[in-house]
Amino acid sequence: MTNDKPRVRFAPSPTGMFHVGGARSALHNWLYARQHGGTLVLRIEDTDASRNRPEWTEGIIRALGWLGIDENQYEGPFFQSANAEEHRKAVERLRVAGRAYFCDCTRDDVIARTGDSYKGYDGHCRDRGLEAAPGRALRFRTPDEGTTVVIDLIRGKPAFENATIEDFVIARGDGSVLFMLANVVDDMTQGITHVIRAEEHLSNTPKQQLLWEALGAQPPIWAHVPVVVNEKRQKLSKRRDKVALEDYQAEGYLAEAMRNYLMLLGWAPSGDREIVPWSVIEEEFRLEEVNPSPAFFDVKKLRAFNGEYIRALPLADFIARCRPWLVAPQAPWTAEQYDEDVFAALAPLAQTRVAVMSEITAIVDFAFLDEPEIDEASWNKAMKEPAAAILAAAIESYTDAPWTAEELKSRTEAIGVAHGLKLGKTQAPIRVAVTGRTVGLPLFESLQVLGRDRTLARLRKAATALA
RNA sequence: GCCCCGUUGGUCGACGCAGGUGAAGACGCCGGACUCUCAAUCCGGAGAUCGCGGGUUCGAUUCCCGCACGGGGUACCA
């Protein structure tokens with residue numbers, strides 16, 4: 001177990017969607033292991049049976065894989081529930097050694113005595129010498145004096161007075177163990193040398209370190225990474241914030257952009273750059289340099305990053321990655337309506353216009369739907385005088401035009417000249433008639449791929465609607 | 001209440017592990033160029049007394065003390 005190669009772990013509990021904060025911790029652990037020639041172990045902390053569900057575990061594994069942490073990158077997954085025997089033995093050792101005692105106080109009893117729900121346990125049963133019995137929890141006896149100093153790669157050496165650490169419960173009245181104990185025992189049995197996790201666990205750390213020591217082991221090195229917060233500077237929560245990695249994935253954030261952005265929370269690569277290949281991050285990232293203050297998870301900036309990543313994609317990759325949003329459940333058209341070649345023609349125009357993959361659907365929908373989906377605000381804005389005349393002129397002019405973007409553009413310009421309008425104004429009603437919206441891909445290229453018949457049909461329909 | 005952590009422009013942060021002529025860059029914002037709309041791209045701009053107050057010093061964002069504010073924890077949750 002003594003080895004200079006670090007063993008780190010990522011230990012999520014499968015109680016919900018995979019949280020972006022968890023993703024960041026996983027990334028930190030992974031990088032630390034790789035940079036030091038160590039090992040990452042994945043441990044699923046499934047002891048809270050009432051809240052666990054197998055699909056959450058699968059979700060975690062899938063999400064990790066999406067970020068690049070696939071099955072080959074870690075040992076495991078191990079399940080905490082499989083380690084129950086070790087937990088029980090550790091509890092017994094502590095009890096026999098006099099480091100833990102039974103307690104029959106309920107929470108209400110404690111509050112009644114201390115008069116404060118935040119006072120913590122008052123040590124009532126410490127010396128009552130209670131025997132094991134159903135309903136009696138086992139509490140760890142914390143030292144009355146002295147200081148517990150934890151070594152933290154990010155925060156230095158936070159010190160905790162032992163007197164302020166209450167005797168905490170390690171096993172419930174039914175004999176099952178709690179996180180505090182199970183987590184430590186698993187880390188011990190799995191030979192973990194560095195515990196890299198979120199700051200919210202910092203105050204648990206002295207308790208856990210005391211447990212390591214009481215069990216006769218050398219505590220690990222800790223590293224508490226600051227929490228990720230929302231715009232109100234509160235820890236991201238499942239209830240009020242969008243935190244599920246899966247949701248971002250489904251919306252069309254690229255894994256590369258996401259992991260790059262996540263790493264920039266609290267850290268930055270050298271030089272005047274933020275968007276860097278993963279290899280640079282692997283080379284330059286230093287856990288010790290992570291800024292200890294909480295970082296705001298700025299979706300706007302993530303979006304900007306994502307847009308840059310999308311634009312940097314080779315066209316073929318861009319097209320391939322659009323696919324999920326171009327078929328049935330995501331797209332409002334059928335497989336028969338969809339035309340791969342048409343999309344390929346539109347893709348280069350669309351690539352600079354999407355910041356998130358899911359936006360591709362609405363940008364090209366006009367090409368696949370039988371009728372464009374007319375946006376009312378756009379219609380009202382564009383279909384003002386002399387829209388009717390422009391549409392009529394366009395129908396007339398387009399009927400015998402060579403069907404190229406260039407030609408359509410110059411014909412439209414001519415229509416504008418006849419009405420004393422610039423191209424910008426002239427194209428507006430045509431654009432809305434054909435695509436349904438006031439903004440979108442370059443119009444004449446769009447018309448070219450749409451084809452003469454469908455273009456004319458839409459212009460006519462709009463013209464009648466206007467009349 | 002108690003314990004612990006944090007505090008550089010709206011945001012993420014660089015330089016600073018340091019006492020001494022500029023406090024980077026990016027996102028966002030504003031303006032301009034380009035332009036068939038919107039983007040993209042390019043150019044420019046606004047925006048920080050480095051949380052506050054004392055002290056040490058010729059001089060402090062950097063050292064010392066105090067305070068304020070924010071956050072996390074304080075469960076027979078994880």
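Residue numbers begin at 1 in each chain, while the letters A, B, ... track the order of the sequences. Since this is a predicted model, take the numbers as computed values, not measurements.
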Next on the checklist: Just verifying a value: how many Å separate A:Leu138 CG and A:Ile170 CD1, rounded to the nearest 0.5 Å?
Outcome noted: 4.5 Å
Item to check | A:Glu288 atom CD, over 12 foreign heavy atoms within 6.0 Å | outcome: yes
Checklist outcome for this item: Regarding the side chain of A:Pro158, the nearest nucleotide among B:rC4, B:rG6, B:rC3 is B:rC4
Checklist entry - Are the side chain of A:Glu45 and the backbone N or O of A:Asn183 linked by a donor-acceptor pair below 3.5 Å? => result no
Next on the checklist: So does A:Ala355 get a backbone contact from the side chain of A:Glu359, meaning a donor-acceptor N/O pair under 3.5 Å?
Outcome noted: yes
Checklist entry - Between A:Lys235 and B:rG71, does any side-chain N or O lie under 4.0 Å from OP1 or OP2? => result no
Item to check | Any-strand Watson-Crick or G-U partner of B:rU35, both distances under 3.5 Å | outcome: none
Checklist entry - Just checking A:Phe160: base, sugar-phosphate only, or nothing, at a heavy-atom cut-off of under 4.0 Å? => result sugar-phosphate
Checklist entry - In whole angstroms, how far is the C1' atom of B:rG71 from the CZ atom of A:Phe297? => result 19 Å
Checklist entry - So what does A:Ala268 hit on the nucleic acid, given a heavy-atom distance under 4.0 Å: a base, only sugar-phosphate, or nothing? => result sugar-phosphate
Next on the checklist: Please check: side-chain N/O of A:Arg43 versus main-chain N/O of A:Phe10, any donor-acceptor pairing under 3.5 Å?
Outcome noted: no
Checklist entry - Roughly, in whole Å, what's the span from CG in A:Leu265 to C1' in B:rA26? => result 14 Å
Do any N or O atoms of the protein come closer than 3.5 Å to N or O atoms of nucleotides 43-50 of chain B, and which pairs are they?
none

Checklist entry - When you compare B:rC77 with B:rA39, how far apart are their C1' atoms, in angstrom units rounded to a whole number? => result 47 Å
Checklist entry - NA contact type, A:Glu445, heavy-atom cut-off 4.0 Å: base, sugar-phosphate, or nothing? => result base
Next on the checklist: Closest-nucleotide mapping onto RNA chain B: is A:Ala304 or A:Thr352 further toward the 5' terminus? I mean the 5' end.
Outcome noted: A:Ala304
For nucleotides 75-78 of chain B, tabulate all protein N/O to nucleotide N/O atom pairs closer than 3.5 Å, reporting atom names and distance.
residue, atom, partner, partner atom, Å
B:rC76, O2, A:Gly173, N, 2.8
B:rC76, N4, A:Cys105, O, 3.4
B:rC76, N4, A:Gly135, O, 3.3
B:rC77, OP2, A:Arg172, NE, 2.6
B:rC77, OP2, A:Arg172, NH2, 3.0
B:rC77, O3', A:Arg172, NH2, 3.4
B:rC77, O2', A:Asp48, OD2, 3.0
B:rC77, O2', A:Arg51, NH2, 3.1
B:rA78, OP1, A:Arg172, NH2, 3.0
B:rA78, OP2, A:Phe179, N, 2.9
B:rA78, O2', A:Ser13, OG, 2.9
B:rA78, N6, A:Asn204, OD1, 3.0
B:rA78, N1, A:Asn204, OD1, 3.4

Checklist entry - The side chain of A:Ala295 lies closest to which of these nucleotides: B:rG13, B:rC36, B:rG6? => result B:rG13
Checklist entry - After noting the C-alpha distance and the side-chain angles of A:Phe297 and A:Tyr261, does the key distance pass the ring-ring contact (aromatic ring centres under 6.0 Å, His included) rule? => result CA-CA 9 Å; A:Phe297 186 78; A:Tyr261 179 69; 5.6 Å; yes
Item to check | Residue matched to B:rA46 through Watson-Crick or wobble contacts both under 3.5 angstrom | outcome: none
Next on the checklist: Mind checking if A:Lys425 touches a base, just sugar-phosphate, or nothing, with heavy atoms under 4.0 Å?
Outcome noted: nothing
Checklist entry - Base, sugar-phosphate, or nothing: which does A:Pro442 touch, judged by heavy atoms less than 4.0 Å apart? => result base
Checklist entry - With a 4.0 Å cut-off on heavy atoms, is A:Arg311 in touch with a base, just the backbone sugar-phosphate, or nothing at all? => result sugar-phosphate
Next on the checklist: By the 4.0 Å heavy-atom rule, please label A:Leu443 as base, sugar-phosphate, or nothing.
Outcome noted: base
Next on the checklist: Quick check: on RNA chain B, is the nucleotide nearest A:Ala159 upstream (toward 5') of the one nearest A:Glu274, or the reverse? Name the residue that is more 5'.
Outcome noted: A:Ala159
Next on the checklist: Can you identify which nucleotide, out of B:rC4, B:rC12, B:rC38, has its nearest atom closest to the A:Leu202 side chain?
Outcome noted: B:rC4
Next on the checklist: Would you measure the distance from the C1' atom in B:rC52 across to the matching atom in B:rG6 and give it in whole Å?
Outcome noted: 16 Å
Checklist outcome for this item: Among the nucleotides B:rG72, B:rA14, B:rG28, whichever has the atom closest to the side chain of A:Asn291 is B:rA14
Next on the checklist: I'd like to know whether CD of A:Glu373 has more than 12 heavy-atom contacts from other residues, nucleotides or ligands below 6.0 angstrom.
Outcome noted: no
Checklist entry - Choosing from B:rA39, B:rC27, B:rG6, which nucleotide comes nearest the side chain of A:Arg353? => result B:rA39
Next on the checklist: Applying a 4.0 Å non-hydrogen cut-off, can you work out what A:Leu302 is touching in the nucleic acid: base, sugar-phosphate, or nothing?
Outcome noted: nothing
Checklist outcome for this item: Smallest heavy-atom separation, A:Asn162 atom then A:Thr148 atom, equals ND2-OG1, 2.6 Å
Next on the checklist: Would the base of B:rG72 count as contacting A:Glu199 through its side chain, where contact means a donor and an acceptor less than 3.5 Å apart?
Outcome noted: no
Checklist entry - Hey, is CD on A:Glu406 packed in by over 12 heavy atoms from elsewhere, all under 6.0 Å? => result no
Checklist entry - Is there a Watson-Crick or G-U wobble partner for B:rU74 with both distances under 3.5 Å, and which nucleotide is it? => result B:rG1
Checklist entry - Looking at A:Lys300, does any N or O in its side chain come under 4.0 Å of the phosphate oxygens OP1/OP2 on B:rC29? => result no
Next on the checklist: Using atom P in both nucleotides, what's the gap between B:rA23 and B:rC50 to the nearest angstrom?
Outcome noted: 10 Å
Next on the checklist: Give me the distance, rounded to whole Å, that separates B:rC34 from B:rA40 when you measure between the C1' atoms they each carry.
Outcome noted: 11 Å
Checklist entry - Considering every strand shown, what is the Watson-Crick or G-U wobble mate of B:rU56 when both distances are under 3.5 Å? => result none
Next on the checklist: Can you pull out every side-chain hydrogen bond (donor to acceptor under 3.5 Å, both in side chains) where at least one residue sits in residues 130-142 of chain A? Sequence neighbours excluded, please.
Outcome noted: A:Thr142-A:Asp167
Next on the checklist: Need the pair for B:rG6. Rule: Watson-Crick or G-U wobble, both distances under 3.5 Å, any strand; none if unpaired.
Outcome noted: B:rC69
Checklist entry - For the side chain of A:Arg24 and the backbone of A:Leu265, is there at least one donor-acceptor N/O pair under 3.5 Å apart? => result yes
Checklist entry - Parallel, tilted or perpendicular for A:Tyr248 and A:Tyr253, by the 30°/60° rule? => result perpendicular
